[in-house]
Amino acid sequence: MPGTAGPAVPPELPELMIAGPGELHEADLEALAGQVIAHFGDFWTAILEETLARLGRLLGAAQSPYLIPGAGSTCLDAAVLNMFEPGQRVVVPNTGFFGVRLIEIATSHRLQVVEVPVEVGAPVDPERLADVIGGADGVLVTHVETSTGVRHPVEAIARIAHDAGAVCVVDGISSVGGELLDVDAAGIELLVTATQKGLEAPPGLGVIALGPGGRERIEARSRRPESWYLDLHTWDWYRANWSWHPHPVTMPVNLVRSLLSSLQRIDRAGLRECVGRRADLAKRCREGLRQLGLEPVPQAGCEANLVVAAWTDDPSKVQRSLLERGIMISGGLQPTYGKAIRVGLMGRTATTEMVDRVLEGVAASLGPDRPARR
Ligand SMILES: *Cc1c(COP(=O)(O)O)cnc(C)c1O
């Protein structure tokens with residue numbers, strides 16, 4: 001386009017089947033492209049309220065969630081900062097790349113971290129946590145570990161935490177919208193998610209939902225967290241005192257409107273139905289890859305719905321072959337780096353047709369003498 005500022009956009013961008021973000025559905029894209037509106041006043045606060053109400057219902061959280069501009073990791077940082085105080089002890093299963101991120105965040109907030117090793121492809125064993133949880137203040141756990149495509153048993157982990165008097169903080173960034181998890185029913189004190197994965201909205205907003213014990217924990221702190229932006233009290237104060245502008249900063253109004261459009265679509269279809277369909281699609285993808293000789297990374301029974309990870313000798317060759325067909329998938333991420341491909345099932349491209357195109361592309365990349373199914 002003549003006169004367009006910025007670098008040229010390649011004429012044919014590949015369709016995204018990466019492990020997040022997903023491509024937007026048409027209606028959500030239109031909401032994103034709408035004119036900027038004021039981030040205060042009746043029109044805006046009605047949009048925000050509906051968004052938070054739908055989000056709270058989807059998360060199974062009676063307390064209104066926090067919607068905080070930033071990445072999902074902004075809210076992971078806020079979660080650890082608000083729930084714990086320096087010197088406290090947390091147990092963190094090393095589930096892979098994002099388990100390690102939780103360890104790094106906890107360490108950066110000067111917590112004592114008890115790392116629990118987890119076999120690649122296996123779910124966290126709650127019994128192993130039970131062995132080390134005595135005296136700990138909390139557990140930090142990834143619900144769906146995006147580097148392995150494994151879903152971890154957060155309900156059982158929350159029970160173990162509570163039996164030991166510890167709180168349970170969950171990274172649900174790659175699970176919310178694609179798995180069923182009810183914050184209040186599971187008794188999770190704090191759940192973090194973001195908008196760009198299972199919620200199928202643009203990146204740029206993090207979400208924090210507090211369960212019943214989460215608020216108590218925050219109120220029981222000896223002192224306020226050392227941050228202004230990440231201190232949930234800052235957000236609470238504006239909510240309580242500035243009803244016409246119930247947040248401390250200028251909200252990215254278009255991101256919120258696009259998120260609302262996506263939440264309306266999920267609600268029309270029904271979350272349970274959406275999750276069921278995504279599970280079927282993940283199975284189709286997983287079984288198709290297995291038939292081509294690419295064994296799933298997750299053990300049977302803990303396979304996630306939003307990301308399918310499968311072992312392969314040369315992931316970059318598979319990725320290149322798919323790019324030639326106009327589709328971008330992900331390679332591995334520690335501990336699967338260089339050893340696996342990951343297919344994201346999020347957003348507009350999470351369809352049977354696209355999964356079948358991925359499978360065709362993978363088959364083509366393996367060539368005529370690909371290993372036969374064992
Ligand atoms: C994507 C992802 C993150 C990081 O999210 P950002 O929005 O990039 O900060 C964290 N945890 C998990 C499990 C993820 O899948």
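Order of appearance sets the numbers: ligands from 1, and atoms from 1 within every ligand. Bear in mind the structure is a predicted one, so any value in this text is a computation, not a measurement.
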Q: Check Glu145 against ligand 1 and report side chain, backbone, both or neither, counting heavy atoms closer than 4.0 Å.
A: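 Near ligand 1, Glu145 shows nothing, with every heavy atom at 4.0 Å or more.
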For ligand 1, which atoms have a heavy atom of [X] less than 4.0 angstrom away?
X	result
Val144	13 (C)
Thr142	13 (C)
Gln196	6 (P), 7 (O)
Thr146	12 (C), 13 (C), 14 (C), 15 (O)
Ser174	15 (O)
Lys197	1 (C), 2 (C), 3 (C), 14 (C), 15 (O)
Arg101	4 (C)

Q: List in chain and number order the residues that pass ring pair (Phe, Tyr, Trp, His ring centres under 6.0 Å) with His109, two or more places apart in sequence or in another chain; answer none if no residue qualifies.
A: none
Q. Any salt bridge between Arg290 and Glu295, counting N to O under 4.0 Å?
A. yes
What residue and atom, counting heavy atoms only, is the protein's closest point to [atom], and at what distance?
atom	value
atom 6 (P) of ligand 1	Gly72 N, 3.5 Å
atom 9 (O) of ligand 1	Ser73 OG, 2.5 Å
atom 3 (C) of ligand 1	Phe98 CE2, 3.3 Å

Q.
Checking the N or O distance criterion of under 3.5 Å, is ligand 1 in contact with Ala71?
A.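 In fact, backbone or side chain, Ala71 has no N or O that close.
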Q: Tell me, yes or no, whether the heavy-atom count around Asp313 atom CG, taken from other residues, nucleotides or ligands under 6.0 Å, exceeds 12.
A: no
Q.
Looking at Tyr229, I want to see if its OH is surrounded by more than 12 non-hydrogen atoms of other residues, nucleotides or ligands under 6.0 Å.
A. yes
With no hydrogens and no angle check, do the side chains of [X] and [Y] hold a donor and an acceptor under 3.5 Å apart?
X	Y	value
Glu200	His25	yes
Arg342	Thr336	no
Thr234	Asp236	no

Q. In terms of ring plane angle, is the pair His245 and Tyr238 parallel, tilted or perpendicular, where the classes change at 30° and 60°?
A.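 The arrangement is tilted - the two ring planes meet at 30° to 60°.
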Q) Which residues, ordered by chain and number, are linked to Val297 in its hydrophobic cluster, where ILVMFWY side chains connect at heavy-atom gaps below 4.5 Å, directly or through other members? A) Val120, Trp311
Q: Would you mind finding which of Leu102, Thr74, Thr193, Asp171 brings a heavy atom closest to atom 13 (C) of ligand 1?
A: Asp171
